[in-house]
2 protein chains.
Amino acid sequence: MSHAQRLRQRIEDEIVSGDLAPGSRLDESQLAARFGVSRTPIREALLQLAATGLVQTKPRRGAIVTASEPHLLLAMFETMAEIEAACGRLAARRLAAADAAALTAALDGCRAALATTDTEAYYAENYVFHAAIYRASHNAFLADQALSLHRRLAPYRRLQLRVRQRLPQSMAEHEGIVAALLAGEETKAADALRSHVLVQGDRFTDLIAGLRAPSAA
Amino acid sequence: MSHAQRLRQRIEDEIVSGDLAPGSRLDESQLAARFGVSRTPIREALLQLAATGLVQTKPRRGAIVTASEPHLLLAMFETMAEIEAACGRLAARRLAAADAAALTAALDGCRAALATTDTEAYYAENYVFHAAIYRASHNAFLADQALSLHRRLAPYRRLQLRVRQRLPQSMAEHEGIVAALLAGEETKAADALRSHVLVQGDRFTDLIAGLRAPSAA
DNA sequence: CTTTGTCAATCTGTATGCATATTCCCCTGG
DNA sequence: CCAGGGGAATATGCATACAGATTGACAAAG
C-alpha cells in the first residue's frame, strides 16, 4: 500500500477515535513533519478524506475535521437509520446460518460488555453487532455504505457516553432486532432498526444542541 | 475553484456521460497534456474520484473507470432502490406545497418527453423527477447520497435505452409514485419507488450479463 | 480608543524532478 | 515454433521548488 493510503487510514482513525476533534485544523506541513513524509502524500490523504466527507476543505484555506451543524447531524442519523433499516429488511429475508451465528455471538458480546458496565467495551461490541447486520444483508455495496456512514458518525458517538441509562435500553432493542431477524420478519426488523438508530440520533442532536448553545451564548 | 476541482468535475462528467467507458485507462500524463496542466491536479482529481468510487486505482498501476461486476451492479441498484424508498417515505410524510408543485411539474415533463418518443429527453426528465423526490425528503444529506449514487449508476443507465417498452411502464410507475406521495401514504410511496428502481436494476443486470457473456466467449 | 490600510509571514495549489515498480518486447534456449 | 527470462521503456508515487492568496499584526488616522 502507498504512503498516502496508510496516512489516510491513520488520519481517519484519529478522527474517528476522537483524537482529532471536529473543527480541528489539519495543517499539511505539520502533518507532514509528524509523519515524516512530504506534503504530497498528506495532501492526497486529505483529499480522499474530503471526498468521503470526514474533512472539509475550503479553497486556499486548508482542511478541517468536518464539524456538522446539528440539523445536518440529525439528517445523517436519519439516513443511517434508513440504511440500517434496509440492511435489516434484506438480512431478514436472506439470513443464512452463518449470519445467525454471527448475530447471536455479537449479541452475547454486547450482553457481556453491558454486564461489566464498561461503556467503551459496549460500544466496541455495538459496532461488531451492527457490522454483522450489515454483512447479513448479503449486499456488499450496501454494507460498505453503512460502514462508511457509521464511521463518519463515530466522532459524535463518543458524546453519547454522557447519556444515562441508554445502554440497557440499547441492549433490549438489540434483542428485539435479533429476534425479528431470526424470525425472518422483514418489516419488524426494519422498523426496529430504524427506531433504534433514530433514537440515538435524537439523543445526539439534543446533546450537540445543548453543547453548542451555551458556548455560543 | 481550483484546477483540481474543475478537472474532477470535467472527468466525472465524461464518465457519467459515457465518453469515458467503464474499464477505460486514465493515463495521468495523457490527461495532463489534454487539459494543459501538470500531473499534480490530475492526480488529485483522480484520487477524489477514486474516493467516491467512480474510478478505481491499483498501486503503481494507475486508474481506470470503475467497471463493476454484474453482481456488484445489482447490489448498487438494490441499494439505490432502498435509498429512494427512504426518500419516498420521508417525502410522503413531509411533502410541502412547493414539493408537490415540483413533483407534478416533473411528472408533466416526463409525460411530454414520453409523447415525443425521444428516449434521451425522457431520461433527462426522469433525472429531474427523481431529484425532486430526493429534495422532497427534506433531508439534505440523504438527498446528496441519493444524487451521488444516481450519478455513479449513470454510466450504466445509458444501456437501458436498448430495452423496449420500458418507457411507458416507467411513466405509469411515476404516476403511481406521485399519487402515493400526494396522498401522504408513506409505505405505498416507499414500496412503489423501491420496485420502480429494482426493476431497472434487474433489467440492467440482465443486459450487462448478456453483454458480457458473448464478449467473454 | 477604535478602525482601517498596508505589509509581512505563512500556507495552499501547481509544476517539475527523481527513484522505483511494472510492463512489454525481444532474445535465447529447448 | 513456443516458452521463459532479461532489459529497456514507461508510468506511478513521492519530494522539492515556486507562485499566489490569505491571514494576522502593526501602525496611522479619525
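Proteins get letters first, then strands, A, B, ... in listed order; numbering begins at 1 in each.
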S.K.: For a quick check under 3.5 Å, do B:Tyr122 and B:Ser170 share a side-chain donor-acceptor pair by atom type?
M.R.: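 Yes - a donor-acceptor pair under 3.5 Å links their side chains.
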S.K.: Using whole Å, what does the distance between atom P of nucleotide C:dA15 and atom NE2 of B:His3 come to?
M.R.: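 After rounding, the reported distance stands at 7 Å.
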S.K.: What are the residues of residues 52-64 of chain A, sorted by number, that bring a heavy atom to within less than 4.0 Å of DNA chain D?
M.R.: A:Arg60, A:Arg61
S.K.: Over how many whole Å does the gap from A:Arg8 atom CZ to D:dG13 atom C1' extend?
M.R.: 16 Å
S.K.: Would you find a donor on one side and an acceptor on the other, under 3.5 Å apart, between the side chain of A:Ser24 and the backbone of A:Leu20?
M.R.: no
S.K.: Which one, D:dA11, C:dC11, D:dC14, comes nearest to the side chain of B:Asp27?
M.R.: D:dA11
S.K.: Using OP1 and OP2 only, check whether a side-chain N or O of A:Thr40 sits under 4.0 Å from D:dC14.
M.R.: no
S.K.: Name the stems that DNA chain C belongs to, where each is three or more consecutive Watson-Crick or G-U pairs with both distances under 3.5 Å?
M.R.: C:1-30 with D:1-30
S.K.: In whole Å, I'd like the distance from the CD atom of B:Glu28 to the P atom of C:dA15.
M.R.: 13 Å
S.K.: Could you state the atom-to-atom distance from CD of A:Gln48 to P of D:dG13 in whole Å?
M.R.: 10 Å
S.K.: Would you mind reading off the distance between A:Leu7 atom CG and D:dC14 atom C1', rounded to a whole angstrom?
M.R.: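 Answer to the nearest Å: 11 Å.
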S.K.: Quick one: which of B:Arg39, B:Arg61, B:Arg34 gives a salt bridge (Lys or Arg N to Asp or Glu O under 4.0 Å) with B:Glu28?
M.R.: B:Arg39
S.K.: Got a donor-acceptor contact below 3.5 angstrom from the A:Ser17 side chain to the A:Asp13 backbone?
M.R.: yes
S.K.: Expressed in angstrom and rounded to an integer, what is the separation of A:Glu44 atom CD from C:dT14 atom P?
M.R.: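 Atom CD in A:Glu44 sits about 13 Å away from atom P in C:dT14.
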S.K.: Only pairs at least two apart or in different chains count here, so list each side chain to side chain donor-acceptor pair (under 3.5 Å) that has a residue in residues 125-137 of chain A.
M.R.: A:Glu84-A:His130, A:Glu84-A:Tyr134, A:Asn126-A:His130, A:Asn126-A:His174, A:His130-A:His196, A:Tyr134-A:His150
S.K.: Looking at D:dT12, C:dT14, C:dC11, which one has an atom nearest to any side-chain atom of B:Arg43?
M.R.: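 The closest nucleotide is D:dT12.
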S.K.: Closer than 3.5 angstrom, by distance alone: can the side chain of B:Ser148 be matched with the main-chain N or O of B:Asp144 as a donor-acceptor pair?
M.R.: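 Such a contact is absent between B:Ser148 side chain and B:Asp144 backbone.
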S.K.: Looking only at the side chain of A:Arg39 (C-beta and beyond, no hydrogens), which of the listed nucleotides D:dA17, D:dC14, C:dA15 gets closest?
M.R.: D:dA17
S.K.: Will you find, in the side chains of B:Gln169 and B:Glu173, an N or O donor that is under 3.5 Å from an N or O acceptor?
M.R.: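 Distance-only check passes for B:Gln169 and B:Glu173.
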S.K.: Just by modelled atom types, is the B:Gly53 backbone N or O under 3.5 Å from a matching donor or acceptor in the B:Thr66 side chain?
M.R.: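 Pair found, side chain donor or acceptor close to backbone of B:Gly53.
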S.K.: Using only atom types and a distance under 3.5 Å, with no angle test, would you say the side chain of B:Asp118 pairs donor to acceptor with the backbone of B:Ala113?
M.R.: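 No; zero donor-acceptor contacts below 3.5 Å.
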